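Here's the structure we're looking at; comments come further down.
If you're wondering where the values come from, they're calculated on a predicted model, not measured in any experiment. Numbered from 1 within each chain, the chains take letters A, B, ... in sequence-line order.
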Amino acid sequence: MRDVADPSDLLDWYDHNARALPWRVGPRARADGVRPDPYRVWLSEIMLQQTTVAAVKSYYEVFTARWPTVSDLAAARDEDVMAAWAGLGYYARARNLLKCARVVAEEHGGVFPADLDALRALPGVGPYTAAAVGAIAFDLPATVVDGNVERVMSRLHDEHTPLPAAKPILTGYAEALTPDGRTGDYAQAVMDLGATICSPRNPACGLCPWRRACAAWEAGTQAELPKKTPKKRKPTRLGIVYLARRVDGAWLLERRPDRGLLGGMLGWPGSEWGEAPQEAPPIRAEWKEVAGEARHTFTHFHLRLKVMTALVPMERQPDVGDFVEQAEFSPADLPTVMRKAFDLARG
DNA sequence: TACGCGTGGAG
DNA sequence: TCTCCAAGCGT
């Protein structure tokens with residue numbers, strides 16, 4: 001006979017196995033009354049959306065060192081925040097991060113609201129992030145449902161309905177299991193379990209505190225859960241980018257519009273990206289094609305970029321973009337696809 | 001509901 | 001090289 005999953009068993013496991021993370025107040029310190037800074041919890045949760053812990057760590061350190069409070073961040077220049085986010089991906093998060101910081105600074109007195117509805121109303125804060133900040137920062141009664149929780153619940157209940165249709169079902173399971181107290185520790189415990197034990201591939205069921213309650217373990221189906229609806233395969237698009245260097249070393253760059261792909265980020269001027277891109281030099285010059293191509297894969301398409309370079313005289317004015325002084329330009333400020341084009345051009 | 005939206009690492 | 005995927009959100 002299978003046991004019923006007990007939240008206490010998971011909390012006991014978490015007390016001994018919690019990962020040490022830069023943004024986390026561990027279970028022992030939390031028991032001693034230490035409370036996490038809601039700003040840091042929120043910042044980390046935004047960064048962690050669809051992004052690995054390993055990728056987030058260095059960005060988190062840079063942001064918290066440069067902007068220690070939400071009011072500091074609210075006062076930052078847009079271009080500085082976008083540059084600091086460059087390489088982390090999903091740039092709408094950075095734009096909403098700034099919007100949110102400014103709303104908190106101006107409408108909430110620089111203090112994150114300890115209220116689930118108020119959190120949910122903030123830019124870039126959806127159901128998951130509101131629950132995570134509410135539980136972790138304030139121990140509010142909230143259930144986090146992220147990819148980890150979906151996986152754990154689908155296995156615990158041997159739920160074969162494919163995602164995303166299964167989401168409401170799995171959410172119901174997760175809510176039914178959430179304890180009344182220690183909601184912050186519990187939220188982090190389920191996610192740690194999913195990240196370290198109940199992993200997508202080769203789950204370590206032998207170490208799982210909920211093994212005796214797990215329907216998938218009993219049925220031997222854990223490796224095939226959660227079920228997902230098949231994704232479409234990615235088409236390939238072509239494009240041309242133009243790297244113009246002025247004789248004084250300045251680079252010709254353009255700020256991309258706030259909406260859409262790479263919105264708000266710096267980039268090289270170029271053609272549209274499609275099946276047969278048309279030449280679109282941003283300034284009159286003798287353009288030379290760089291050997292090879294820059295390849296990059298986005299969420300929903302592959303891109304192959306032809307890279308053109310030219311040296312232009314001081315007086316010549318660009319039709320598109322603006323020259324950025326050499327001292328003010330760092331390739332690290334570019335989104336990865338644009339940095340790849342830069343790397344290719346520089347050899 | 002379905003799609004657009006990045007990137008780097010694992011296998 | 002290729003597929004999957006990692007603490008989702010906005011539209």
Notebook entry, point to check: What's the NZ-C1' distance between A:K234 and C:dC4, to the nearest Å?
Noted result: 9 Å
Notebook entry, point to check: How far does the P atom of C:dA6 sit from the matching atom of B:dC5, given to the nearest Å?
Noted result: 22 Å
Check: Of all heavy-atom pairs between A:A101 and A:A74, which one has the smallest distance, and what is that distance?
Finding: O-CB, 3.6 Å
Checklist line | Value in whole Å for how far the C1' atom of B:dT7 lies from OH of A:Y91 | finding: 7 Å
Check: To the nearest angstrom, how far is A:L193 atom CG from C:dA6 atom P?
Finding: 14 Å
Notebook entry, point to check: More 5' along DNA chain C: A:E45 or A:K99, using each one's nearest nucleotide?
Noted result: A:E45
Next item on the list: Measure from the side-chain heavy atoms of A:N96 and tell me the nearest of C:dG8, C:dG10, B:dT7.
Entry: C:dG10
Next item on the list: Report the distance from atom OH of A:Y59 to atom P of B:dG6, rounded to the nearest whole Å.
Entry: 13 Å
Check: Quick one: on DNA chain B, does A:M338 or A:N202 contact a more 5' nucleotide (nearest heavy atom)?
Finding: A:M338
Check: Would one find a side-chain N or O of A:H300 under 4.0 angstrom from OP1 or OP2 of B:dG4?
Finding: no
Note to self: Which label fits A:W23 and A:Y60: parallel for a plane angle under 30°, tilted from 30 to 60°, or perpendicular past 60°?
What the structure shows: perpendicular
Next item on the list: Go through the N and O atoms of the side chain of A:T51 and the base of B:dG6, and report whether any donor-acceptor pair is under 3.5 Å.
Entry: yes
Note to self: Taking the nucleotide of DNA chain C with the nearest heavy atom to each, does A:A130 or A:R233 sit closer to the 5' end?
What the structure shows: A:R233
Note to self: If we ignore hydrogens and angles and just use 3.5 Å, is the side chain of A:R304 paired with the main-chain N or O of A:E293 as donor and acceptor?
What the structure shows: no
Margin query: With nearest nucleotide decided by heavy atoms, which residue, A:A165 or A:K340, maps closer to the 5′ end of DNA chain B?
Written below: A:A165
Check: Should A:W13 and A:W210 be marked as a ring pair (Phe, Tyr, Trp, His ring centres under 6.0 Å) after you check the CA-CA gap, both sets of side-chain angles, and the distance that decides it?
Finding: CA-CA 10 Å; A:W13 172 85; A:W210 277 347; 9.3 Å; no
Note to self: From OH of A:Y90 over to P of C:dC5, roughly how many Å is that when rounded to an integer?
What the structure shows: 13 Å
Check: Rounding to a whole Å, what distance do you find between A:Q49:CD and C:dG8:P?
Finding: 7 Å
Next item on the list: Please tell me which of the listed nucleotides, C:dC9, C:dA6, B:dG11, lies nearest to the side chain of A:Q50?
Entry: C:dA6
Check: What closest approach, in Å, do A:A165 and A:P168 show between heavy atoms, and which atom pair accounts for it?
Finding: O-CD, 3.2 Å
Item checked: A:T336 side-chain proximity, nearest of C:dG8, B:dC3, B:dT7 -> B:dT7
Notebook entry, point to check: Which of the following nucleotides, C:dG8, C:dA6, B:dC3, is nearest to the side chain of A:D146?
Noted result: C:dG8
Next item on the list: May I ask you to say what A:T129 touches in the nucleic acid, namely base, sugar-phosphate or nothing, with a heavy-atom cut-off under 4.0 Å?
Entry: sugar-phosphate
Notebook entry, point to check: Going by modelled atom types, is there a donor-acceptor pair between the base of B:dG6 and the side chain of A:T299 at under 3.5 Å?
Noted result: yes
Notebook entry, point to check: When the distance from NZ of A:K228 to C1' of C:dG8 is rounded to whole Å, what number comes out?
Noted result: 12 Å
